[in-house]
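In what follows, a single structure is set out as structure tokens and then discussed.
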Amino acid sequence: MKIVLNIFPIWLITVFAMAQTKPASSTSPAPSAIVSTIQDITGKRFQPDTVFTALSEEDETLLEKEPIANWGLAQESGQNMTYYNLVIGTRSYQLLITKSPKAEFPTATLLRFITPKSKPEPIARGTLKPKEEKPK
């Protein structure tokens with residue numbers, strides 16, 4: 001009986017530790033509309049590593065229906081940061097691309113602004129890699 005009482009707390013701690021390391025539902029793969037939009041804008045392959053809970057169905061449909069031509073031209077902010085803007089009514093999106101000097105590939109983050117004065121809400125983040133050419 002003493003062995004069971006000694007092992008039970010260790011087992012309980014192990015279960016709680018495993019539960020904390022499980023990926024959250026907010027890190028599910030990015031919807032194809034988000035991935036294809038980022039790939040079309042940048043011309044590179046987007047590999048999402050994080051999708052945030054701020055993503056809504058309305059965001060997906062807006063981004064899927066908006067042509068790439070409606071996104072603003074690339075604007076540089078410093079040597080290692082570029083961004084693109086899209087404004088739809090009062091809602092706007094910003095694709096922020098940063099390149100760390102030590103990183104091999106740049107990181108893309110899609111942000112959403114619900115109103116012009118609201119704080120940005122991240123929607124998706126991932127790595128931009130060169131597109132693989134198909135063999136002929």
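Please read these numbers as outputs of a predicted model, since none were measured by experiment.
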[atom2] on [Y] to [atom1] on [X], rounded to 0.5 Å:
X: Ile38; Y: Arg45; atom1: CD1; atom2: CZ; answer: 14.0 Å
X: Lys99; Y: Leu128; atom1: NZ; atom2: CG; answer: 11.0 Å
X: Lys44; Y: Thr127; atom1: NZ; atom2: OG1; answer: 11.5 Å
X: Phe46; Y: Arg125; atom1: CZ; atom2: CZ; answer: 9.5 Å
X: Asn85; Y: Phe113; atom1: CG; atom2: CZ; answer: 7.5 Å
X: Met81; Y: Thr107; atom1: CE; atom2: OG1; answer: 13.0 Å

- [ ] Count the heavy atoms belonging to other residues, nucleotides or ligands that lie under 6.0 Å from CD of Gln79, then report whether that count exceeds 12.
- [x] no
Open item on the list: I'd like to know if Tyr93 and Leu95 are part of one continuous hydrophobic network [Ile/Leu/Val/Met/Phe/Trp/Tyr, side-chain heavy atoms within less than 4.5 Å].
Closed with: yes
Open item on the list: For residues Tyr84 and Ile68: do they belong to one hydrophobic cluster (side chain heavy atoms under 4.5 Å, members Ile, Leu, Val, Met, Phe, Trp, Tyr)?
Closed with: yes
Open item on the list: Would you say Tyr83 and Gln94 are linked by a side-chain donor-acceptor pair, where the criterion is simply a distance under 3.5 Å?
Closed with: no
Task: Ile88/Glu66 under side-chain contact (heavy atoms from CB on, under 4.5 Å): CA gap, chis, key distance, verdict - done: CA-CA 9 Å; Ile88 306 170; Glu66 280 299 314; 3.5 Å; yes
Open item on the list: By the definition side chain to side chain contact (heavy atoms under 4.5 Å, CB included), identify the one residue from Leu96, Leu86, Asp59, Leu63 that meets it with Leu110.
Closed with: Leu63
Task: Lys129/Glu104 ion pair, N-O < 4.0 Å - done: no
Open item on the list: For the backbone of Glu57 and the side chain of Thr61, can you confirm whether one donor and one acceptor N or O come within less than 3.5 Å of each other?
Closed with: yes
